[in-house]
Amino acid sequence: MLDAKYLRSEVEQAAERLLARGYQLDVNKLKELEEQRKSLQVRTQQLQSERNTRSKSIGQAKARGEDIAPLLAEVGQLGSDLDQAKADLAQLLLEIDAIALSTPNLPHESVPAGKDESENVELHRWGSIPSFDFEVKDHVAIGEGLDGLDFKSAVKISGSRFIVMKGQVARLHRALAQFMVDTHTLEHGYTEMYVPYLVNEASLYGTGQLPKFGEDLFHTQPATEEGVGMSLIPTAEVPLTNMYRDEIVDEAQLPIQMTAHTPSFRSEAGSYGRDTRGLIRQHQFDKVEMVQIVHPEQSYQALEDMRQHAENILQKLELPYRVVTLCTGDMGFGAAKTYDLEVWLPAQDTYREISSVSNCEDFQSRRMQARFRSTVSKKPELLHTLNGSGLAVGRTLVAVVENYQQADGSVKIPSVLQSYMGGLTQISL
RNA sequence: GGAGAGAUGGCAGAGUGGUCGAAUGCACCGGUCUUGAAAACCGGCAUGGGUUUAUAGCCCAUCUAGGGUUCAAAUCCCUAUCUCUCCGCCA
């Protein structure tokens, strides 16, 4: 959510900055609503003020033992006028709120302008692309060849876009997640967290999934009565960040660095035709998430740090990748700036997203009222929130399997993972 | 699932219809004292919004949330959520 005061006083500027990311802010409507709000609010408050004064004098008269009947008569119309004004104002605020909650974050000034992913800017590449002297297979073929990926069972049990993993491949998947969590906690200073996979509606508003992106989520039916059921998390960012909803932390506690290994559930509505083969796009996938909650002045340094933390995982796994800065048109709803890490997939002969690291500045914390008490101003101020995948475990498995494949269909195990695999150096049938 | 109790400022905790935005304590900030610190003492100290050049004043809202009663609600009524205690069930 954007700062209401900024939105009010600098509508034109806000609209211009939002246009850069392809969002059309309805300036005229906003101005009109704002004008109405102002006059209605002033009127409402005047009525309230009058009611307060009169009620107070009635109380005082009664305390003196005077007859309050004439005073009561004077109040007459006031109540219903006030009720009407309050109702009108509430309705108006609802409308303004709806716009505010649906407006994406402003891009940081360092973000390159562009309309879609084709205009993202490559920051750098790491590692050398492997060459194979045999015909490269994709992870589906390799995984099925190793009897480690069972798409058929998954379809039977649940449907498309689910996976059953088996044997050493399942173990490799688990090893990857543990390696990532260990690296973040032992080397990067994060605290390991275990969090709920079902969250309430308020949490989804807090991080910005609602009100706009409800169709991307899986929602549960409430077990009883009407009301809103809980939703499966699309990322651990939701529970982790929302821990600080409606909190005021001491400045000394900053920065807060948390990591969690959780499944992520996405309905992927609107992408039915894409990546139908394999593990790339699943309704359920594991991810190790990093979240930082920091002082506003530190957030861009934290963004660089987090990108480095995610890169470090790929480097230790010796997987070639590149880093791109997302352009204004390709960024997510709440992000002010985002880096994507893209890992090399030999079978696709291209780089594919494996991590996304974003600084949301105060966009989420304003929605959540996540604040710290400033040692300077002594006042509560909004924190900055950042999140990043470190990494998407399923896609990392894909990258390991494809980059470490051998001619006979076996897969070598990256050296950093071998201790997590009981010393195993390769997986074969 | 059954029975009961509760939710108040950063925290703890008073307040059961009227001058209560809310006692008190802790924490925090400023000061006195002290070589310095601690202690003691004095003072200050909620958040959001409107108006405004103003972080000055004035006004409004907020005592879990949403409804209701009333001239007037932290206080009374209803609903929801959450917490705690006891019983049942359960991994």
If I pick the [atom1] atom on [M] and the same atom on [N], what distance separates them, to the nearest angstrom?
| N | M | atom1 | answer |
| --- | --- | --- | --- |
| B/G31 | B/G36 | P | 13 Å |
| B/C78 | B/A3 | P | 16 Å |
| B/U51 | B/G67 | P | 24 Å |

How many Å lie between [atom1] on [X] and [atom2] on [N], as a whole number?
| X | N | atom1 | atom2 | result |
| --- | --- | --- | --- | --- |
| A/Leu89 | B/G49 | CG | C1' | 11 Å |
| A/Arg366 | B/U47 | CZ | C1' | 15 Å |
| A/Gln41 | B/U52 | CD | P | 13 Å |
| A/Glu35 | B/U51 | CD | P | 12 Å |

- request: Classify the nucleic acid contact of A/Arg43 as base, sugar-phosphate or nothing, counting any heavy atom under 4.0 Å across all strands shown.
  value: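 The answer is nothing, as A/Arg43 stays clear of every strand by at least 4.0 Å.
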
field: Sugar-phosphate or base contact per nucleotide [nucleotides 59-72 of chain B; S, B, -; heavy atom under 4.0 Å]
entry: BBS---------BS

query: Can you tell me the Watson-Crick or wobble partner of B/A27, both distances under 3.5 angstrom?
result: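 The answer is none; no pair meets the criterion.
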
- request: Please determine, for B/U83, whether a Watson-Crick or G-U wobble partner exists with both distances under 3.5 Å, and give it or none.
  value: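 Partner of B/U83: B/A5.
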
- request: Determine, for A/Glu311 against A/Arg307, whether the closest basic-nitrogen to carboxylate-oxygen distance falls under 4.0 angstrom.
  value: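 A salt bridge is present here (some side-chain N lies under 4.0 Å from a carboxylate O).
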
Charged N-O contact under 4.0 Å between A/Glu187 and A/Lys316: yes

